[in-house]
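A quick write-up on the structure given underneath.
Quick caveat, the model's predicted, so the values are computed rather than measured. We use all heavy atoms of the structure for the numbers below, so side chains are in, but hydrogens, waters and symmetry mates are not. Letters A, B, ... mirror the listed sequences (proteins, then strands); counts begin at 1.
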There are 2 protein chains.
Amino acid sequence: MTISTKEKIFLISLDLFSQKGFSGVSIREITREVGIKESSLYNHFSSKDEILESILNFFREDFSKTLPPLETLDEILQKHSVESFLKAGLHNFKKYMEDETGQKMWRLLQVEQFRSPLAREIILHDLYGKTIEFLENVFTKFIEFKKIRPYNPKVLAIEYQYPVFSLLTEYNILKFDGKDTAELEKKLERHVDFFLNIILEK
Amino acid sequence: MTISTKEKIFLISLDLFSQKGFSGVSIREITREVGIKESSLYNHFSSKDEILESILNFFREDFSKTLPPLETLDEILQKHSVESFLKAGLHNFKKYMEDETGQKMWRLLQVEQFRSPLAREIILHDLYGKTIEFLENVFTKFIEFKKIRPYNPKVLAIEYQYPVFSLLTEYNILKFDGKDTAELEKKLERHVDFFLNIILEK
DNA sequence: GTCTATACAGTGATAGAC
DNA sequence: GTCTATCACTGTATAGAC
């Protein structure tokens, strides 16, 4: 399978934007890395802004696939214990964020959040909003099924997920510097254990 | 009290960098806002990079003052209940982050974290590291004094503080768009209540 | 869909007068 | 400590040949 020039531009732009920020990268730099002349880029994207926009829209669509649809939730929840469900979900989430492209997307969102309204929208609505909404549904059902203690499900969603987001921030910085992330993964495990301990406690 | 040209450059650079990122701001733009010519700026800072460096170093020193020194910790902990201590600490933290300059500093760190090794160092070592280290000490003593249940103090520090960091990320985006933060402050309160409930439970 | 050539405004920074 | 003037360079983007 070959990679088109447009895809090359997309991937190299993502890589550079995520490191230096949109304003820190020039068309010259992108096309040099791609191996074409500046003018050729405009056959694929009408402007530098359009490259960023297409990257952000791609992330949005791609990330929406990480959460299972609500209709299949009952079925999934029946098959798993609370512990295995949360650990499986975390595994998915980690895999997505450990993926090189996922990391770059995440970094790009961070560095462009105050320049791009779309980036802010994605962080608030998709990353934070959708994830919490999903978990709220999960915990509501777990409570219904009497599998966990009856806490406010929205609070549970936040208590579970928000530390994960912060750990992810740390993780990405460590990864960026090529540092060891073993201790961080332990922190993540201990967080899940702590949380499970609380909601399962009699 | 008057404000020197150097301070003006500092504050206007902070404002612009925090919105557009370092690369998105030109010397011309800074000096136009300050009201001097480009060449005059170099009487105060030797380069654009030096402005950023001085901002980051200022943040570092300034933030270190928000945490009370360890020597006074025993005294403070005797005077407060667990609840009043955590709520007072949160109040301090919030005040610092609600402050306009504090917000800009926080934004600057976020948008420059992958371009500036110093920014990464400040996030990891000062913001995350020092805060967790402090809280670990606090919870260790609370456990010693039998004021809370005997959990691993490092885990407690993370469970308490990491959601706060994520809430802060949300808070800053909402603030940037001039949106209402009332719901978010409720989230913060509910987090603290949830946490207190757990560690105080018999 | 790529190239050459080019437009031309904006970039960080410096020299030297006042 | 401010200014004017200027530097060499980089920025995005376009026209038109192949």
Side-chain angles (χ1 to χ4, degrees), chain A residues 1-58 104 107-108 111-119, chain B residues 1-58 104 107-108 111-119:
Chain A
M1 183 221 154
T2 51
I3 187 170
S4 69
T5 301
K6 184 159 186 171
E7 285 168 327
K8 266 192 207 165
I9 295 169
F10 181 98
L11 290 171
I12 284 170
S13 298
L14 169 59
D15 182 54
L16 294 173
F17 289 165
S18 71
Q19 289 182 57
K20 310 181 173 189
F22 180 80
S23 311
V25 180
S26 67
I27 297 282
R28 284 209 225 294
E29 192 175 0
I30 295 168
T31 54
R32 196 195 318 125
E33 296 257 315
V34 171
I36 54 171
K37 296 294 170 187
E38 291 104 284
S39 54
S40 297
L41 182 139
Y42 294 92
N43 274 309
H44 305 284
F45 294 94
S46 69
S47 69
K48 198 184 158 191
D49 281 284
E50 212 200 67
I51 303 176
L52 176 63
E53 211 190 304
S54 91
I55 292 174
L56 292 177
N57 284 329
F58 173 83
K104 288 174 189 170
R107 284 177 198 148
L108 177 61
V111 302
E112 289 308 317
Q113 64 181 309
F114 300 114
R115 240 192 36 88
S116 159
L118 180 54
Chain B
M1 185 225 155
T2 51
I3 187 170
S4 69
T5 301
K6 183 159 188 171
E7 285 168 327
K8 266 192 208 167
I9 295 170
F10 181 98
L11 290 171
I12 284 169
S13 298
L14 168 59
D15 182 53
L16 294 173
F17 289 165
S18 71
Q19 288 182 56
K20 310 181 175 191
F22 180 80
S23 311
V25 179
S26 66
I27 297 282
R28 282 193 183 29
E29 190 175 1
I30 296 168
T31 55
R32 195 195 319 125
E33 297 258 314
V34 172
I36 55 172
K37 296 294 169 187
E38 292 104 281
S39 54
S40 297
L41 181 139
Y42 294 92
N43 274 310
H44 305 283
F45 295 94
S46 68
S47 69
K48 199 183 158 190
D49 281 284
E50 212 201 66
I51 303 176
L52 177 63
E53 211 189 303
S54 91
I55 292 175
L56 291 177
N57 284 327
F58 174 82
K104 289 175 188 169
R107 285 177 197 149
L108 177 61
V111 301
E112 290 307 316
Q113 64 181 309
F114 300 115
R115 243 194 33 89
S116 159
L118 180 53

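C:dG1 atom C1' lies 6 Å from atom NE2 of A:His44, rounded to whole Å. Between the CD atom of A:Glu38 and the P atom of D:dA15 there is a distance of 16 Å, given to the nearest Å. Regarding A:Ile27, its CD1 atom lies at a distance of 16 Å from the C1' atom of C:dT11, rounded to whole Å. Residue A:Tyr42 contributes atom OH, which lies 15 Å from atom P of C:dC3 at whole-angstrom precision. In this structure, A:Leu41 places its CG atom 11 Å from P of D:dT14, rounding to the nearest Å. The distance between atom CG of A:Asp49 and atom C1' of D:dT12, rounded to the nearest whole Å, is 11 Å. When rounded to the nearest whole Å, the span between CD1 of B:Ile30 and P of C:dG10 equals 16 Å.
Note that B:Lys6 lies in the cation-pi zone of B:Phe45, set by a 6.0 Å cut-off to the ring centre and a 45° limit from the axis.
Within the structure, every side-chain polar atom (N or O) of B:Ser40 is placed at least 4.0 Å from both OP1 and OP2 of D:dG1. At the phosphate of C:dT11, OP1 or OP2 sits under 4.0 Å from a side-chain N or O atom of B:Ser26. For C:dC3, the OP1/OP2 oxygens have no side-chain nitrogen or oxygen of A:Lys37 closer than 4.0 Å.
Salt bridge status for A:Arg32 with A:Glu38: absent, with no side-chain N to carboxylate O gap under 4.0 Å.
Take the nearest nucleotide of DNA chain C for B:Ser46 and for B:Arg32: the residue whose nucleotide is more 5' is B:Arg32. Each of B:Gly35 and A:Glu29 was matched to the nucleotide of DNA chain D holding its nearest heavy atom; the match closer to the 5' end belongs to B:Gly35.
Here A:Val34 lies out of heavy-atom contact (under 4.0 Å) with every strand. Among the protein residues, A:Ser39 comes within range of the nucleic acid bases, having at least one heavy atom under 4.0 Å from a base atom.
Checking C:dC3, D:dT14, C:dT11 against every side-chain atom of A:Ile36, the shortest atom distance belongs to C:dC3.
The base of C:dG10 lies outside donor-acceptor range of the side chain of B:Arg28, with no N or O pair under 3.5 Å.
The line from OH of A:Tyr42 to NZ of A:Lys48 is 9.0 Å long, rounded to the nearest 0.5 Å. Atom CG of B:Leu108 and atom CG of B:Asp15 lie 11.0 Å apart (nearest 0.5 Å). A distance of 7.5 Å separates CD in B:Gln19 from CZ in B:Arg107, rounded to the nearest 0.5 Å.
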